[in-house]
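Reading through the structure tokens given below for one structure.
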Amino acid sequence: MTMSALGEPCVLLKLGEVVLKGNNRELFEQRLQANLKAALKDIGVKVDVRQRHGVIALFLPEGTGVEIADAVAERVSHVPGLIWIHRAWKVAKDPSTITKAAIELLADRDDVKRGVSFAVRSRRRDKRFPLTSMQLDRSVGGELNDIYGLPVDLKNPELVVSIEVDRDEAFVFTGGLPGQGGLPVGSSGRGLVLMSGGIDSPVAAYRMMRRGMRVDFLHFSGIPFSTSESIYKAYALVRALDKFQGKSRLWVVPFGKAQQSIKASGQERLAIITQRRLMLKTAEEVAHRLRSAALITGDSLGQVASQTLQNITAQDDAVDLPILRPLIGFDKTEIMAEARRIGTLEISELPDEDCCTLLAPRRVELAAKVADLKQIERRMDAEDLAVQLAGSLQEYKLED
Ligand code: ATP
Ligand code: MG
């Protein structure tokens, strides 16, 4: 058989929550399309992004190789807002062409040679098509059964041959890549992630991007009293997360001297929580400059002493901006599994000199009182210090 029956490679995208968006749906779809185009800008071929009824089709130039189509699918599988990515073949929408394509799709597959059970599942987004979905299933399924001798299993097939009929064309495919789900980045405003080199904050960032936020990253380094290692780590993490939103920016504040003055204030049990409040106050200043409407942290309730309910409440008190904590109800094992899946765990687990090791008190207050914290802050002019720290902000540009 020649390769002509399969038509052209393309990529078919199934939308997630975007489809629930009622009147705003068009805006969400436009945002998603813009994000897809941005993600594919340097893929090497011109990709034609087309909205179909409830799906998006990415058409590739005639003669595009399968490797490129695979690369396109892989790239967009990181773009929030999609639930499935199918490497499909675009064929003319007539029953015999569709059948030929389905036959060729199964040729030379190892699982087909093994005799897997299969089912054909058709969907018509164009109801004028001459066959009903069920008729198409039966007719294509019958042909495949004749040719390959595979058993049909409608309930639990090992292999599903999908056919989708649209207004201008039909798509034929098997399998697919799961997407990220969520909403298109940029549809939920901007946030500023407080990014340590740890496991939690990158996952928190991912979670908020997936809810449609565009995020900037802010890292506090122990410089000049520690090395730049923590910055490299934050940088590597931001690079790994960039596939979800593109154009990520990392900002760094040298925090060592501020930590020294916290240490000098002598309130050992409150040092960690004082430090966290100062980070948040500084982050709030930075957020105003970057037009971020929220701060994001990797806090998880009770995970460490600074994350008791009282101490978290004492942190909220430090700033006016909302602090979003998407991991608040996650277990560490769940956070680690997610970090592994999104590709940040390996980086987070590299050793580094966290800025926070400068302040490692033997005992940490579990229920800090805001009045006590404010007293310490008055003595060290925390508000001025935060403005000053925000003034020493530096951007670390991501290389392409
Ligand atoms: P992570 O794994 O994200 O470091 P953690 O479990 O180690 O979190 P903490 O060190 O108490 O917890 O930090 C809680 C949150 O405070 C972090 O998730 C992060 O948002 C913020 N944070 C802590 N250290 C820094 C830092 N050096 N720079 C920026 N943000 C920080
Ligand atoms: Mg940490």
Side-chain angles (χ1 to χ4, degrees), residues 191-208 215-223 225-235 237-238 240-241 250-256 258-259 262 271-287 292 294-308 311-312 314-316 318-319 321-328 330-336 338-340 342 344-361 364-366 368 386 389-390 392-394 396:
L192 180 62
V193 177
L194 281 80
M195 183 80 166
S196 69
I199 293 170
D200 304 327
S201 37
V203 177
Y206 166 75
R207 285 269 156 176
M208 295 322 297
V215 304
D216 282 295
F217 298 89
L218 175 62
H219 175 69
F220 294 91
S221 83
I223 286 179
F225 300 114
S226 67
T227 64
S228 308
E229 253 172 46
S230 78
I231 301 177
Y232 303 145
K233 227 171 136 180
Y235 181 88
L237 287 167
V238 172
L241 290 167
L250 170 63
W251 304 87
V252 177
V253 166
F255 202 61
Q259 288 178 310
I262 292 172
I272 293 285
I273 208 80
T274 301
Q275 154 164 301
R276 189 56 45 73
R277 279 172 58 106
L278 185 56
M279 283 183 182
L280 289 165
K281 285 176 193 288
T282 307
E284 187 172 46
E285 290 290 330
V286 174
S292 289
L295 304 178
I296 298 160
T297 73
D299 291 310
S300 156
L301 188 63
Q303 195 192 82
V304 291
S306 59
Q307 296 171 6
T308 61
N311 285 351
I312 283 178
Q315 291 171 44
D316 284 330
V319 289
L321 279 183
I323 303 173
L324 304 181
R325 300 180 174 92
L327 307 185
I328 197 73
F330 277 52
D331 282 359
K332 193 75 189 184
T333 50
E334 293 168 327
I335 298 171
M336 287 178 74
E338 178 112 314
R340 190 173 293 116
I342 65 176
T344 56
L345 186 65
E346 273 183 14
I347 304 166
S348 295
E349 281 180 336
L350 295 171
D352 76 340
E353 193 182 9
D354 189 27
C355 78
C356 306
T357 49
L358 287 177
L359 286 183
V364 175
E365 178 60 57
L366 295 178
L389 285 165
S392 62
L393 190 69
Q394 285 185 334
Y396 279 70

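Residues take their numbers from the sequence shown, with the count starting at 1. Every value quoted in this text rests on a predicted model; they were computed, and no experiment measured them. Order of appearance sets the numbers: ligands from 1, and atoms from 1 within every ligand.
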Which of the numbered atoms in ligand 1 are under 4.0 angstrom from any heavy atom belonging to G198? 1 (P), 2 (O), 4 (O)

Give the intermediate values and the outcome of side chain to side chain contact (heavy atoms under 4.5 Å, CB included) for residues L250 and D216. CA-CA 6 Å; L250 170 63; D216 282 295; over 6 Å; no

For residues A368 and I273, report the shortest heavy-atom separation together with the two atoms involved. CB-CG2, 3.9 Å

Quick one: list whatever passes side-chain hydrogen bond (donor to acceptor under 3.5 Å, both in side chains) with S201, sequence neighbours left out. S196

Where I199 and I335 come nearest, the two heavy atoms and their spacing: CG2-CG2, 4.1 Å

For L218, state whether at least one heavy atom is located under 4.0 Å from any atom of ligand 1. yes

Taking N or O atoms only and a 3.5 Å limit, does T297 qualify as a polar contact for ligand 1? no

Give the atoms of ligand 1, by number and element, whose distance to some non-hydrogen atom of S306 is under 4.0 Å. 11 (O)

Does the pair L280 and I323 meet the rule for a side chain to side chain contact (heavy atoms under 4.5 Å, CB included), with working shown? CA-CA 9 Å; L280 289 165; I323 303 173; 3.8 Å; yes

For ligand 1 and I296, I'd like to know whether there is a polar contact (N/O to N/O, distance under 3.5 Å). no

Looking only at distance, does S201 have an N or O less than 3.5 Å from an N or O of ligand 1? yes

Is I199 close to ligand 1, meaning an N/O of one under 3.5 Å from an N/O of the other? yes

For ligand 1, which is the ligand I care about here, please tell me if L194 has any N or O atom under 3.5 Å from one of the ligand's N or O atoms. yes

Could you tell me if T333 and D331 have a donor-acceptor pair between their side chains, going purely by distance under 3.5 Å? no

Full working for side chain to side chain contact (heavy atoms under 4.5 Å, CB included) between M195 and L241: CA-CA 12 Å; M195 183 80 166; L241 290 167; 3.9 Å; yes

Under a 4.0 angstrom heavy-atom cut-off, which atoms of ligand 1 come close to Q303? 6 (O)

With atoms numbered from 1 as shown, which atoms in ligand 1 lie under 4.0 angstrom from a non-hydrogen atom of D200? 1 (P), 2 (O), 3 (O), 5 (P), 6 (O), 8 (O)

Which of the atoms in ligand 1, numbered in the order shown and given with their element, are less than 4.0 Å from a heavy-atom of Q307? 9 (P), 11 (O), 12 (O), 14 (C)

Which is it for L194 and L295 under the side chain to side chain contact (heavy atoms under 4.5 Å, CB included) test, yes or no, and what are the steps along the way? CA-CA 7 Å; L194 281 80; L295 304 178; 4.2 Å; yes

Options F220, F217, F255, ranked by nearest heavy atom to atom 27 (N) of ligand 1, top entry: F220

